[in-house]
Every structure is written in structure tokens, then in C-alpha cells.
Amino acid sequence: MTRTVVVRVMLVAVLVVVLVLAAVWAVQRRLIYLPDPAPVPAAASVLPGAEDVRLRTADGLELGAWFVRPPGRAPTAAVLVANGNGGNRAGRAPLAAKLAEAGLAVLVFDYRGYGGNPGDPSEAGLALDVRAAYRFLTERTPPGRVVFYGESLGCAVVTELALEHPPAGLLLRSPFVDLAAVGAEVYPYLPVRLLLRDRFPVKEQVARLRVPTVVVLGSRDSIVPPAQSREVAAAASARLVEIPGADHNDPVLLEGRELVEAVTSLVPR
């Protein structure tokens, strides 16, 4: 093979790599954010007594949400639920029902681009969305009695919010160190840290917080490595609740007894 041929092969290879990386850069948010396109039903048809509410973001978007009160009594506290990267708020209805049964008011909402909401999700956009949810909740509940609940990607959303508005307690379910760390597990052949536009630095941010924190994880989580959740727990000086044999989307990690008890343990007495 002549030198000219070698150079041409190398140039073609470099071009292919550049094109692949450019494609990943362009479509990466479609790989990160996975909204369920199905229509979201009315709140009361899923959760008796729940109401449909609308949240207004600082950049002018209107987001759908459900507000759930405990049946037959005043709530002892309120929980702001930040979803993971998939589905919509209907998938969090079982959790909301269990928390309401435990005497808590619950706000479950969809990010921009989820649940029929306008807009496209991004790290900056989700920060605006959760602030709209926080404003709604604290108009009805004293800030000192609001607990933040984050599920997977939602851990990053509520941790960033907690830096500005410290909650009564912080529940992180299956948190990752940062988005690049978990992305590298899924795409080990790509320079994920170099390519990512959204960072979600959970470990770095939670280490700066001084609020009661519980980390819940499944020991067989196939999406967020359990070692990363343990690392976050250590950085936060958090109580760790590890559920043996549980995978990322198993019912025990979506609405199980240990999970609900972990949330209620953060309610101020």
C-alpha cells in the first residue's frame, strides 16, 4: 500500500469519526430524554381526589401537573416529585397514591416536552420547570415542610433546586454521579464527557448541601450502577437504603414500602 493510499484511508477514517461524533452531538438529547407520547389522563381518573393543575415557567411555558392531597385529613408535609427521563406523570401515580396514604400532599408534574407539554427538554429547561413546581407547592405549603423526591435523572433536577431552595429533606432514588458518568456506562466507545451538552453534576452539587438526605438504590440496577448511587450517598453524608436484588424500574423502587418509608422519614416532626 502506497503512502498516498494510506493517507487517503486515514483521512476517510477521520472523516467517518467526525461525522459520527457530529451526529451524536446533534441527536444526544433524543437519547437522554425519552418522553411517553401518549396523552395523559385526567388526574381524578387515576388518583381519586387529585386535581389537574397548570404550572407557569419563567420562560413562559405552561406545564401539566397533578396535585394530590391525603384523603380525609390535612397533610403533614408536601412532596415535590421530579421524574426520571422516561414516561410521564401517569407512571408516578402509584407512588403519589402511596405517599398520599401516608398523609402527604404530592405534586407530580411533567417537564417541558413530556406529557403533552410544549418545549424541548434540556438541563437549563428542567431547572426552570422544577422551579415552577416549587413555586406552586410553596404557595400552599410552608417551605420548611416540603420534601424533594428525585428519581434517577430527577435526582439531578431536585439537587440543583436544593442549592437555591433547601428543602426539609431530600430523597434521591438511584442517583448517578453525573450524566457523563452514567453515559459512559451505556456508550463506552464514545468520548461522552467531551460531547455532552447537559451535565447534571449530582455528586458535586449534593456535596454542597446541608439538608437531611436519604439515597435509595437497588443492588441490581442495570441503568444507574449501584456504585455511583453509593458514591453520591457518601458525598451527601446521606442515609443509604439499599434494596437487595432490585433493578432500576422494579415496583419496589417505584412505589415499594422501603421507598415510601424513606420519604416519610424526612418529614419534619
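Among residues at least two apart or in separate chains, salt bridge (charged side-chain N to carboxylate O under 4.0 Å, His left out) pairs with a member in residues 208-218 are Glu204-Arg208. Listed by first then second residue, pairs satisfying side-chain hydrogen bond (donor to acceptor under 3.5 Å, both in side chains) with a partner in residues 35-52 read Glu51-Arg69, Asp52-Trp66, not counting sequence neighbours.
The pair Glu123-Arg199 does not meet the salt-bridge criterion, since no charged nitrogen lies less than 4.0 angstrom from a carboxylate oxygen. Ionic pairing of Arg220 and Asp250 is not present here: no N-O contact between side-chain nitrogen and carboxylate oxygen is shorter than 4.0 angstrom. Remark: Arg131 engages Glu164 in a salt bridge, criterion side-chain N to carboxylate O under 4.0 Å.
Here Arg135 pairs with nothing under the side-chain hydrogen bond (donor to acceptor under 3.5 Å, both in side chains) rule; sequence neighbours left out. Remark: Gln228 pairs with no residue by the side-chain hydrogen bond (donor to acceptor under 3.5 Å, both in side chains) rule, at least two apart or across chains. Under the side-chain hydrogen bond (donor to acceptor under 3.5 Å, both in side chains) criterion, Glu185 pairs with no residue at all, not counting sequence neighbours. A search for side-chain hydrogen bond (donor to acceptor under 3.5 Å, both in side chains) contacts involving Asp59 returns Thr57, Arg112, not counting sequence neighbours.
Using a distance-only test at 3.5 Å, with no hydrogens or angles considered, a donor-acceptor pair links the side chain of Asn85 to the main chain of Ile32. For the pair Ser174 (side chain) and Val224 (backbone), a donor-acceptor distance under 3.5 Å is absent. At least one donor-acceptor pair under 3.5 Å links the side chain of Asn117 to the backbone N or O of Gly64. Ser229 places a side-chain N or O within donor-acceptor distance of the main-chain N or O of Pro175, the cut-off being under 3.5 Å. Although no hydrogens or angles enter the test, the distance criterion places a donor-acceptor pair under 3.5 Å between the side chain of Tyr114 and the main chain of Leu34.
Between Phe67 and Phe136, a ring centre-to-centre spacing shorter than 6.0 Å is recorded.
The shortest side-chain heavy-atom distance between Asp198 and Ser122 falls under the 4.5 Å cut-off. Looking only at side-chain heavy atoms (C-beta outward), Tyr149 and Val158 stay at 4.5 Å or farther from each other. Residues Arg239 and Pro212 fail the side-chain proximity criterion, which asks for heavy atoms closer than 4.5 Å.
When all heavy atoms of Val79 and Leu104 are compared, the closest pair comes out as CG2-CD1, 3.7 Å. Heavy-atom minimum distance, Ala78 versus Thr141: CB-OG1, 3.6 Å. Considering every non-hydrogen atom in both Pro226 and Asp221, the closest pair reads CD-O, 3.7 Å. Annotation for Ala262 and Val214: closest pair CB-CG1, 4.0 Å, computed over non-hydrogen atoms.
Tyr33 and Asp120 share no donor-acceptor pair across their side chains, judged by distance under 3.5 Å alone. For Ser222 and His248, the side-chain atoms include no donor-acceptor pair closer than 3.5 Å. In this structure, a donor-acceptor pair under 3.5 Å is absent between the side chains of Arg145 and Thr76.
With Phe109 as the fixed residue, the side-chain contact (heavy atoms from CB on, under 4.5 Å) test singles out one of Val53, Leu80, Asn83: Leu80.
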Test log, rule salt bridge (Lys or Arg N to Asp or Glu O under 4.0 Å), inputs Arg92 and Glu255: CA-CA 8 Å; Arg92 283 74 188 182; Glu255 54 175 300; over 6 Å; no
